[in-house]
Amino acid sequence: MKFKVTSCSIDLTGDQPSFYMVSKREESTDRIIREEVIDTETNRLFADCENEWDVEDVYSGFWNRLNEIDCYEAPYWTHNPEQKVIVIKIERVV
């Protein structure tokens, strides 16, 4: 299955949230919305996803919980409020 994920990044450290590109490597720096097609058959990260909710969970987890840290009850994940990815919409691609 294929899903189109629409997302953006948000910086939560200021008085007001600010939005920017998910990937700063993108050529267009004036766009704050990123659209990406996820193919669950070819992308191993999403292989177990069966619906939009599954894709959203994995996508958000990939971008927002990048590094596991050791704590008394692992797994705990690092949280960077300057680089939070928000999934806006997920659509099944036919």
Task: Nearest non-hydrogen partners of K2 and D39, listed with the distance - done: CE-OD2, 3.3 Å
Task: Test side chain to side chain donor-acceptor pair (under 3.5 Å) applied to E52 - qualifying residues, sequence neighbours left out - done: R92
Task: Point-to-point distance, once rounded to the nearest 0.5 Å, from NZ of K84 to OG of S60 - done: 8.0 Å
Task: Cluster link I88 to V37, ILVMFWY, side chain under 4.5 Å - done: no
Open item on the list: Testing the basics here: between V93 and K4, what is the closest heavy-atom pair and its distance to 0.1 Å?
Closed with: CG2-N, 3.6 Å
TODO: Can you measure from CZ (R34) to SG (C8) and round to the nearest 0.5 angstrom?
DONE: 12.0 Å
Open item on the list: Do D48 and D54 have side chains that approach each other closer than 4.5 Å (heavy atoms only, starting at C-beta)?
Closed with: no
TODO: Output the distance between atom OG (S7) and atom NZ (K89), rounded to the nearest 0.5 Å.
DONE: 12.0 Å
- [ ] Find the distance between CD1 (I38) and CG (L45) and round it off to the nearest 0.5 Å.
- [x] 8.0 Å
Open item on the list: To the nearest 0.5 Å, what is the distance between CD1 on I86 and CG on N64?
Closed with: 6.5 Å
Open item on the list: If you define the side chain from C-beta out and look only at heavy atoms, does anything of F62 sit under 4.5 Å from V85?
Closed with: no
Open item on the list: Would the distance check show the side chain of T40 and the main-chain N or O of F46 forming a donor-acceptor pair, the cut-off being under 3.5 Å?
Closed with: no
